[in-house]
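As the structure is a prediction and not an experimental result, all values here were calculated from the model. Below, chain A is the first sequence line, B the second, and so on; all start at residue 1.
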Number of protein chains: 2
Amino acid sequence: MERLTSKQLATWRALLDTTNDLRRALGAQLQESGLSPNDYQVLLALKEAEGKQLRSSELAARIDWERSRLSHHLGRMERRGLIRRHDCATDSRGAVVALTDEGAHVFRRATPPHTRAIKKHFADALTPRQFEALDDILRTLGRHGAS
Amino acid sequence: MERLTSKQLATWRALLDTTNDLRRALGAQLQESGLSPNDYQVLLALKEAEGKQLRSSELAARIDWERSRLSHHLGRMERRGLIRRHDCATDSRGAVVALTDEGAHVFRRATPPHTRAIKKHFADALTPRQFEALDDILRTLGRHGAS
DNA sequence: ATATCAATATTGACATGTCAATCAGGGAGG
DNA sequence: CCTCCCTGATTGACATGTCAATATTGATAT
């Protein structure tokens, strides 16, 4: 196999830098709604779940977090009234995480400006052809990493 | 302007997820050399600097970190013997950050496996055509964000 | 039944990041 | 020379992430 070229390395660094900048911009916008990107990810997963609630480990799996990280974060979100945890009916070890009305409300209020920010900083920059190419690249990387 | 389509949103989420996975994989590999991705970034910037040393704020600017974050991290790296700070000759407020022999050695030892990991997880997955497309996309996003 | 092992969730200790002070030293205008 | 303000860098308090226990329950085999 050939070695990694400096051009490939530059592309890699550009990918890290660019996605960093995007995360930062989107995070700063979300903060105006009083949410961190992590908060939003948790609320989104709950919103998209059947019955607006999930077992704790199922939630961790969907957003791909370590369970202890989720546990700490849920503790903080619970203190803020965004979610609540109660015991699971079918497994007494388990916890079920649910949106509170407050959490659902904050999420609804945060989503339109957040979506606009994604459009502004990301989607508006790219042509349809570039979107196709990016989809293809991400699918390829995903398959490559999964295997 | 039209709204963000769900396909665009899916691409955005895929971009976040994929780069997350890549960061994780590369970070795990680096850890085998006893370095975090942040450590590596700092050492790399110093290695690439003229004279293997940089003013603290210049370093912060090059890797795009907040100054206080860098200050904390340099404290930890200094305790580990990877870098050292001394006073600046031309500005008595300033600090100059330099690689130690130990730091340079650890960096040299960590780089080949790290480069191989970038190749394995990233570069090997993509065709030359995909690289061209990705470069184009990243340049476009960079210009878009800068303005 | 019960002994054993796996899974669920949390906790505590510690590493790292952010934000708002703080402190010391430059540098321009009086 | 001396205010006044700006910059360079650090610090401390606190938010968040990781890792290694822990406690509790479920599931399985005998």
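- B:T19 contributes a side-chain N or O that, together with a main-chain N or O of B:L16, makes up a donor-acceptor pair within less than 3.5 Å.
- For the OP1/OP2 pair of C:dA15 and a distance below 4.0 Å, the side-chain nitrogens and oxygens of B:N38 include no atom meeting the criterion.
- Of the listed nucleotides (C:dT8, C:dG17, D:dG8), D:dG8 has the atom at the smallest distance from the side chain of B:R93.
- Distances shown here put a side-chain N or O of B:H73 below 4.0 Å from the OP1 or OP2 atom of C:dG17.
- Closest approach of B:L141 to A:H121, counting heavy atoms only: CD2-O, 4.1 Å.
- When distances run from any side-chain atom of B:H72 to the nucleotides D:dG17, D:dT24, D:dG12, the shortest one goes to D:dG12.
- A distance of 9.0 Å separates CD of B:Q41 from CG of B:L59, quoted to the nearest 0.5 Å.
- Residue A:R67 has its side chain nearest to C:dT10 when only C:dT10, D:dC19, C:dG17 are considered.
- Using a 4.0 Å cut-off between charged nitrogen and carboxylate oxygen, A:R13 and B:E48 count as a salt-bridge pair.
- Closest approach to the B:R55 side chain among C:dT10, D:dT10, D:dG8 is made by D:dG8 (side chain taken as heavy atoms from C-beta onward).
- The CD-P distance, from B:E78 to C:dA15, rounds to 17 Å in whole Å.
- For the OP1/OP2 pair of D:dG26 and a distance below 4.0 Å, the side-chain nitrogens and oxygens of A:S92 include at least one atom meeting the criterion.
- No contact: A:S36 has no heavy atom under 4.0 Å from any strand.
- Across all strands shown, A:S56 has heavy atoms under 4.0 Å from sugar-phosphate atoms exclusively, and none from any base.
- Looking at B:R76 and B:D39, no side-chain N of the basic residue comes within less than 4.0 Å of a carboxylate O on the acidic one, giving no salt bridge.
- For the pair A:W65 CH2 and C:dT8 C1', the interatomic distance rounds to 18 Å; values are reported in whole Å.
- Two residues, A:Q31 and A:G94, neighbour DNA chain C, and the one matched to the more 5' nucleotide by heavy-atom proximity is A:G94.
- Ranking C:dG17, D:dT25, D:dG17 by closeness to the B:R76 side chain, first place goes to C:dG17.
- The separation between A:M77 atom CE and C:dT10 atom C1' is 18 Å, rounded to whole Å.
- One interatomic measurement links the two molecules: CZ of A:R69 to C1' of C:dT11, which rounds to 18 Å at whole-angstrom precision.
- The distance between atom CG of A:L35 and atom C1' of D:dA15, rounded to the nearest whole Å, is 15 Å.
- Atom CG of A:N20 is separated from atom P of C:dG17 by 11 Å (rounded to the nearest Å).
- We find that CD of B:E66 is positioned 15 Å from P of D:dG8, with the value rounded to whole Å.
- Rounded to an integer number of Å, the gap from B:I83 CD1 to D:dT10 C1' is 13 Å.
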